[in-house]
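See structure below.
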Amino acid sequence: MMNTASNSPVGIIAGWGSFPIEVAQAIVREGRDVCCIAIKGHASRELESICKDVHWLGVGKVGGHIRYFRRHGVQQVTMAGKLFKSDILFQGSVWLKHLPDLHAIRTFGPLLFGRKRDARDDRLLLAVTNTYTRSGIEICAATDFAPELLVKHGTLVGKPLTNRAQRDVQMGWQVARQMGGMDIGQSITIKDGTVIAVEAIEGTDACIERTGELCRRGGWTLVKVSKPNQDMRFDVPTIGPQTVQRVAQAGGTVIAIEAGKTIVVDQAQTVDDARRHGITIVAMKQSDVASIENETALANKSNVA
């Protein structure tokens with residue numbers, strides 16, 4: 001739990017998935033109330049049984065979000081859960097449900113409709129953060145309240161990686177990190193040194209599904225890492241039971257994630273599901289990947305000699 005002398009409620013902007021639920025439960029366990037903005041069409045009704053107060057609003061009601069939090073005396077807010085960006089940005093009918101208010105127009109207008117349009121995740125989320133800061137509300141990392149959700153270093157479940165799988169992880173890690181640096185996505189799938197699919201606006205699940213269609217033989221690896229300068233307040237890499245289920249259905253055998261920078265929701269269920277499907281989940285550090293690269297280079301040099 002983050003160090004704070006404040007006993008004021010904590011605010012959560014809740015998107016899709018179980019991540020907001022686990023964050024809310026962690027905050028309540030520490031003795032603080034939770035006031036939640038639940039995004040329509042995304043958040044779970046389960047939040048209503050955990051939080052002191054829940055208000056359902058569209059993602060475009062930024063001014064309404066801020067007024068709600070200030071009315072409830074909230075000084076710290078965290079974002080948790082997935083937003084379906086492709087639906088929100090590129091399907092016109094969705095705008096009716098998430099109709100933006102004046103605060104949203106001022107926040108997102110220059111990025112979405114200005115001469116220099118830039119709808120990358122980091123730019124949009126930083127704009128939201130700055131809007132909250134100007135309103136006297138601090139945006140905090142969800143892991144400040146629930147640090148136990150960050151995965152620890154090591155193999156969570158499954159067999160040790162084969163040499164071939166290690167090489168795929170090492171190459172996939174480099175590609176995914178470069179993608180993250182350009183704010184494209186955080187996940188790639190790879191087999192035998194060939195990148196099969198990359199995550200973009202459609203998200204990890206769709207990337208996995210596409211991989212299954214492209215690689216019918218299976219046996220591929222999912223690599224998911226943080227951005228080079230990851231802002232832990234938002235867009236932190238996340239996996240959970242659904243990730244495992246989709247990887248299993250699509251024929252994947254390894255999930256490689258970044259230790260200390262990746263959230264694993266429903267970790268016990270995630271591990272159980274992976275064990276049942278014969279999937280290895282390994283949480284690695286950059287130093288682990290560098291060691292694989294060095295060993296591969298030495299082996300190649302020896303073969304040439």
Exercise: do Arg32 and Gln76 side chains pair donor with acceptor under 3.5 Å: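 Present: a donor and an acceptor within the cut-off.
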Thr221 and Lys191 side chains, donor-acceptor separation under 3.5 Å: no
How would you list, by chain and number, every residue that makes a salt bridge (charged side-chain N to carboxylate O under 4.0 Å, His left out) with [X], sequence neighbours excluded?
X	answer
Arg45	Glu48
Lys152	none
Asp273	Arg276
Asp288	none

For [X], all residues meeting side-chain hydrogen bond (donor to acceptor under 3.5 Å, both in side chains), sequence neighbours excluded:
X	result
Gln286	Trp173
Glu148	Arg29
Arg275	Asp272
Glu46	none

Which residues satisfy the side-chain contact (heavy atoms from CB on, under 4.5 Å) test with [X], sequence neighbours excluded?
X	value
Leu150	Thr143, Met232, Ile263
His72	Cys35, Asp53, Tyr68, Val74
Ala274	Val157, Val244, Ile279, Ile281
Asp192	Arg164

